[in-house]
Asks: 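Have a look at this one.
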Amino acid sequence: MGFTQTIEVTAADETALQVHIAAWHNEQQGIAPGYMGTRILADADQAARYVIEVDFSSHEEANRNNERPETAAWASKL
């Protein structure tokens, strides 16, 4: 069964957020454990609030991905 990880962020620049997410996808697809894809959802009621949904093949694979230094570096720039 698949697993979706959610990340809530506040971002003043939606384009920069999209570029950051796209870079992860392009660099990590096929490398990050169980990574299947990402979506960015904008909050209609709160400007600059977004939810990032990241799909993994399983909860275990998402946990393995979270332990990687590449993931920590990416998240620190988020």
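All values reported here derive from a predicted model rather than from experimental measurement.
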Asks: Drop me the distance from Glu53's CD to Thr38's OG1, to the nearest 0.5 angstrom.
Replies: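 The distance works out to 10.0 Å.
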Asks: Please list, chain by chain and in numerical order, all residues satisfying side chain to side chain contact (heavy atoms under 4.5 Å, CB included) with Asp13, sequence neighbours excluded.
Replies: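 Here the qualifying residues are Thr15, Ala16.
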Asks: Distance alone, cut at 3.5 Å: any donor-acceptor contact between the side chains of Asn66 and Thr71?
Replies: no
Asks: When the side chains of residues 27-34 are checked against the rest of the protein, which donor-acceptor pairs come out under 3.5 Å, sequence neighbours left out?
Replies:
| unit_1 | atom_1 | unit_2 | atom_2 | d |
| --- | --- | --- | --- | --- |
| Gln28 | OE1 | Arg68 | NH1 | 3.2 |
| Gln28 | OE1 | Arg68 | NH2 | 2.8 |
| Gln29 | OE1 | His25 | NE2 | 3.0 |

Asks: Can you tell me how far apart CD1 (Ile21) and CZ (Arg39) are? Round to the nearest 0.5 Å.
Replies: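 Rounded to the nearest 0.5 Å, the CD1-CZ separation comes out at 11.5 Å.
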Asks: Just wondering, do Val51 and Ile7 contact through their side chains at under 4.5 Å, heavy atoms?
Replies: no
Asks: Please tell me if the side chains of Ser57 and Met36 come closer than 4.5 Å, counting only heavy atoms from C-beta onward.
Replies: yes
Asks: Can you confirm whether Glu8 sits close enough to Arg49 that some side-chain heavy atom of one is under 4.5 Å from a side-chain heavy atom of the other?
Replies: yes
Asks: Hey, any chance Val19 and Ile52 share a hydrophobic cluster, counting ILVMFWY side chains that come within less than 4.5 Å of each other, even indirectly?
Replies: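 The answer is no; the residues belong to distinct hydrophobic clusters.
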Asks: Write out all pairs satisfying ring-ring contact (aromatic ring centres under 6.0 Å, His included) with one or both partners inside residues 43-73, taking only residues at least two apart or from two chains.
Replies: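 Only Phe3-His59 qualify under ring-ring contact (aromatic ring centres under 6.0 Å, His included).
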Asks: May I ask you to decide whether Glu61 forms a salt bridge with Arg64, counting only side-chain N to carboxylate O separations under 4.0 Å?
Replies: yes
Asks: Evaluate the side-chain proximity of His20 to Leu78: yes if any heavy-atom separation is below 4.5 Å, no if none is.
Replies: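 SC-SC contact between Leu78 and His20 confirmed.
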Asks: Applying a strict under-4.5 Å side-chain criterion to I, L, V, M, F, W and Y, I'd like to know whether Val9 and Ile40 cluster together.
Replies: yes
